[in-house]
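Taking it in order: structure first as structure tokens, then the write-up.
Because only heavy atoms are used, hydrogens play no part in the values below, and waters and symmetry mates are left out as well, while side chains stay in. The residues of the chain are indexed from 1 along the displayed sequence.
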Amino acid sequence: MSASHAVPAGRIVAERLLERLAELGVDCLFGNAGTDFAPVIEAYARARSRGARVPEPIAVPHENLAVSMAHGYYHATGRPQAVMVHVNVGTANALCALFNARRDNIPVLVFAGRTPLSDGEAAGSRSVFIHWGQEMFDQAGMVREAVKWDYELRMASQVDAVLDRAYAIAMSEPRAPVYVTLPREVLALPAPETQPAPQRPSSPAQDTRVASLRSRSSSPGVAAAAAPDRTALARLAEWLATADCPLAITASHGRRAEEVERLAALCTAAALPLVAYRPRYMALPSAHPMLIGYEPAAALAEADLVIALDCDVPWIPRLHPRQPGARFVQIGPDPLFASYPLRSFPCDLAIAADTSTVVAELTAAVQGQIEPQRLARRQARAAAWRQSVFGAGELPAPAADAVSSVPWVARCLNRAKRDDDILVIESVFPLQLLELATPGTLFGTSPAGGLGWGLGESIGLKLADRSRRVIAVVGDGTYMFGNPTPAHYMCAALQLPVLTVILNNGMWGAVRRATLGMYPDGAAAADAQPALTMLEPAPRYERVVEASGGYGECVERAADLPAALERAFHVVEIERRQAVLNVLCHYSDEAARRDALR
């Protein structure tokens with residue numbers, strides 16, 4: 001190697017930062033670079049020359065997309081990933097996705113460059129005119145409510161300690177993103193000395209032992225999940241054993257396969273009906289006899305015991321009446337959702353613990369303790385509720401020239417997908433028309449409702465597991481919020497063939513629902529072109545993907561959708577290209593009024 005290309009003898013802090021991230025199990029650093037990234041880019045070049053193990057650098061041309069990709073990657077692997085953004089402006093672009101991750105309890109290690117601290121001669125000091133205009137008195141203040149912890153790396157000697165604390169806090173329950181600012185001058189300082197990794201032994205037995213030790217030494221002190229209080233668990237078991245009409249409601253339970261299995265065992269043993277209300281995951285397989293649907297109204301009106309499992313909003317108080325005298329139980333790592341400023345659902349018993357552990361221990365506690373006649377009554381009631389939701393039968397075939405309805409899209413997609421296909425749904429969608437059998441195949445919108453999550457989520461899932469087909473179902477407005485040009489660019493750059501289905505109704509459907517829900521007989525209800533609601537004239541969304549070498553098709557007639565899905569899956573699976581179906585959809589005010597009451 002020539003002197004002009006020699007790797008500098010000493011390492012810099014940015015190098016150690018990347019090495020420590022890799023030791024913590026971080027596979028990827030999703031970044032949108034700026035002038036603050038110079039030491040990080042230098043560190044990556046040095047790492048390649050040295051053969052050091054560091055996270056894969058992935059350039060993502062929008063911060064909202066980068067955080068959403070990390071969101072999806074965590075869903076697939078259970079390992080938090082790193083995102084780096086450009087000082088305050090990059091942080092601002094990332095905020096929407098960070099709110100989603102915060103409310104969905106997704107740990108993301110977010111790093112932001114910080115405007116250089118000085119304008120002197122130190123390496124990394126100010127050298128570009130924007131270094132003055134981009135400085136803030138409190139850069140982290142703009143993101144503090146969207147993260148669990150924030151800090152600034154101030155000294156070279158802190159790098160391991162700061163990263164370890166960031167990781168431990170992000171991964172301790174309830175999990176959430178963290179935010180660390182990185183001044184250029186600090187990243188450019190000489191790295192602190194670190195212990196060399198142990199030499200690989202020759203014996204297989206020793207090899208296993210050292211690998212285990214290395215794994216333990218590389219993992220900071222993530223807090224163990226809380227165990228359920230025994231007295232509270234016994235009280236809940238008694239209530240569940242004696243209730244006439246118990247009901248479980250969940251939104252975020254089912255992230256891991258064992259959660260689904262344990263919940264299925266409890267619901268079977270106790271004949272406990274479950275509603276998955278605005279679910280983020282598949283809580284129970286569609287065929288499970290105790291899954292009674294996705295809306296709580298009918299069962300909630302009769303229930304004398306309501307158990308909310310990982311559920312921030314188990315019902316809408318003004319829309320869903322409850323049984324007088326009913327008992328209410330809330331279970332989760334943070335059952336009271338302390339980060340929500342106001343949440344006033346009734347609570348007779350709160351259990352702060354890992355929900356899956358509570359479910360398993362509750363199953364053991366009630367096994368054989370419920371009278372057979374009581375079980376039979378519960379089973380019969382659940383069967384009646386299930387029939388009212390899942391027993392509608394086949395949708396009639398659409399008229400020859402009709403555009404699709406959202407239920408029709410659901411039916412067609414259900415026929416075309418496989419059991420292990422992953423569905424990312426960022427839209428109001430009739431889940432009762434889908435046959436969901438495999439845990440980890442459904443991902444729904446965060447309760448923060450930050451639009452634009454679905455495209456990045458689907459890309460992150462596909463990046464983490466290239467063997468699975470990934471289908472993103474988004475609205476037309478949601479598609480635009482998802483940064484489609486950067487998203488399709490990423491699919492092409494990383495060779496990730498994702499299928500995106502756009503439900504194109506030419507409007508902000510949520511806005512229309514909210515307006516009709518509040519003013520069902522108002523002037524806006526009779527307005528064919530309500531203000532701030534319509535998305536017309538509609539762009540040719542299917543052509544955006546073509547700029548990145550993908551396949552796009554506009555599906556104008558409902559009758560053409562099954563064949564269009566077949567073509568799109570062929571492109572994704574055989575040609576290994578991404579595909580977009582722009583499905584024109586009819587959305588009536590009658591449907592909007594009905595949805596507004598859920």
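- A donor-acceptor pair under 3.5 Å links the side-chain atoms of T250 to the main chain of L309, judged by distance alone.
- Rounding to the nearest 0.5 angstrom, the gap separating the CG atom in D348 from the CG atom in L236 is 11.5 Å.
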Should H253 and S356 be marked as a side chain to side chain donor-acceptor pair (under 3.5 Å) after you check the CA-CA gap, both sets of side-chain angles, and the distance that decides it?
CA-CA 8 Å; H253 196 68; S356 190; 5.0 Å; no
Quick one, L423 with F429, criterion side chain to side chain contact (heavy atoms under 4.5 Å, CB included). Give me CA distance, side-chain angles, the key distance, then yes/no.
CA-CA 11 Å; L423 288 172; F429 205 66; over 6 Å; no
Quick one: do R374 and D244 satisfy side chain to side chain contact (heavy atoms under 4.5 Å, CB included)? Show the steps, please.
CA-CA 7 Å; R374 192 183 299 275; D244 288 324; 2.7 Å; yes
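- Ion pairing of R280 with D312 is present here, as a side-chain N (NZ or NE/NH1/NH2) and a carboxylate O approach within less than 4.0 Å.
- A salt bridge (charged side-chain N to carboxylate O under 4.0 Å, His left out) with D421 holds for exactly one of R415, R468, R469; it is R469.
- Side-chain contact between H288 and T268: present, with at least one pair of heavy atoms (C-beta onward) separated by less than 4.5 Å.
- R322 has no carboxylate O lying under 4.0 Å from a charged side-chain N of E302, or vice versa, which leaves the two without a salt bridge.
- Between R230 and E361 a salt bridge is recorded (basic side-chain N to carboxylate O distance below 4.0 Å).
- The line from OH of Y74 to CE of M171 is 5.0 Å long, rounded to the nearest 0.5 Å.
- At a threshold of 4.5 Å between non-hydrogen side-chain atoms, the residues V474 and S427 do not count as touching.
- Among all heavy-atom pairs drawn from Y277 and Y294, the shortest one is CD1-O, 3.4 Å.
- Between T355 and I331, the shortest heavy-atom contact is OG1-O, 3.9 Å.
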Would you check, one step at a time, whether the test side chain to side chain donor-acceptor pair (under 3.5 Å) holds for R512 with T533?
CA-CA 7 Å; R512 187 61 173 163; T533 303; 5.9 Å; no
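- A donor-acceptor pair under 3.5 Å is formed between the side chain of E426 and the backbone N or O of W453.
- With a 4.5 Å cut-off on side-chain heavy atoms, E261 and P439 do not count as touching.
- When the salt bridge (Lys or Arg N to Asp or Glu O under 4.0 Å) test is applied to D527, no partner is found at least two apart in sequence or on another chain.
- Across every non-hydrogen atom of A558 and W408, the tightest pair is O-NE1, 2.9 Å.
- Counting heavy atoms from C-beta outward, L284 and C267 have side chains that approach closer than 4.5 Å.
- Distance CE/M290 to CG/L247: 11.5 Å, rounded to 0.5 Å.
- Checking side-chain atoms of R378 against main-chain N and O of A243 turns up a donor-acceptor pair under 3.5 Å.
- A donor-acceptor contact shorter than 3.5 Å is absent between the side chain of E295 and the backbone of V275.
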When you look at V406 and V428, which way does the side chain to side chain contact (heavy atoms under 4.5 Å, CB included) test go after all the steps?
CA-CA 9 Å; V406 174; V428 175; over 6 Å; no
Apply the test side chain to side chain donor-acceptor pair (under 3.5 Å) to residues N100 and H71: give CA-CA distance (whole Å), side-chain angles for both, the deciding distance (0.1 Å), then the verdict.
CA-CA 9 Å; N100 284 335; H71 196 141; 6.0 Å; no
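- The side-chain heavy atoms of M507 and L535, taken from C-beta on, include no pair separated by under 4.5 Å.
- Atom CG of N483 sits about 5.0 Å away from atom CG of N64, to the nearest 0.5 Å.
- Pairing each heavy atom of I351 with each of P335, the nearest pair is O-CG, 3.7 Å.
- At least one donor-acceptor pair closer than 3.5 Å links the side chain of R386 to the backbone N or O of L291.
- Rounded to the nearest 0.5 angstrom, L431 CG and L436 CG are separated by 7.0 Å.
- The aromatic rings of F443 and Y281 lie perpendicular to each other, with more than 60° between the two planes, well past the 30° mark.
- Looking only at side-chain heavy atoms (C-beta outward), L532 and W508 stay at 4.5 Å or farther from each other.
- Side-chain contact check for V409 versus C585: some heavy-atom pair is nearer than 4.5 Å.
- Annotation for C245 and R381: closest pair SG-CD, 3.6 Å, computed over non-hydrogen atoms.
- In this structure, R103 forms a cation-pi arrangement with Y340, its terminal cationic atom sitting closer than 6.0 Å to the ring centre and no more than 45° off the ring axis.
- Between G482 and L65, the shortest heavy-atom distance links the atoms O-CD1, 4.2 Å.
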Side chain to side chain contact (heavy atoms under 4.5 Å, CB included) between V178 and Y167: does it pass, once the steps are laid out?
CA-CA 8 Å; V178 294; Y167 181 94; over 6 Å; no
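- R144 and D150 are joined by a salt bridge, as a carboxylate oxygen and a charged side-chain nitrogen come within less than 4.0 angstrom of each other.
- By the 4.5 Å heavy-atom criterion applied to side chains, R278 and P447 are not counted as neighbours.
- Every pair tested for side chain to side chain donor-acceptor pair (under 3.5 Å) that includes a residue from residues 440-449 fails, sequence neighbours excluded, so the list is empty.
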Could you walk me through whether E457 and K462 pass salt bridge (Lys or Arg N to Asp or Glu O under 4.0 Å), step by step?
CA-CA 9 Å; E457 168 80 13; K462 185 68 175 178; over 6 Å; no
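- Other residues, nucleotides and ligands place more than 12 heavy atoms under 6.0 Å from the CZ atom of F328.
- A distance of 10.5 Å separates CG of L233 from CG of L240, quoted to the nearest 0.5 Å.
- Although no hydrogens or angles enter the test, the distance criterion places no donor-acceptor pair under 3.5 Å between the side chain of N504 and the main chain of D476.
- Under a cut-off of 6.0 angstrom, the local environment of CD in E435 is sparse, with at most 12 non-hydrogen atoms contributed by other residues, nucleotides or ligands.
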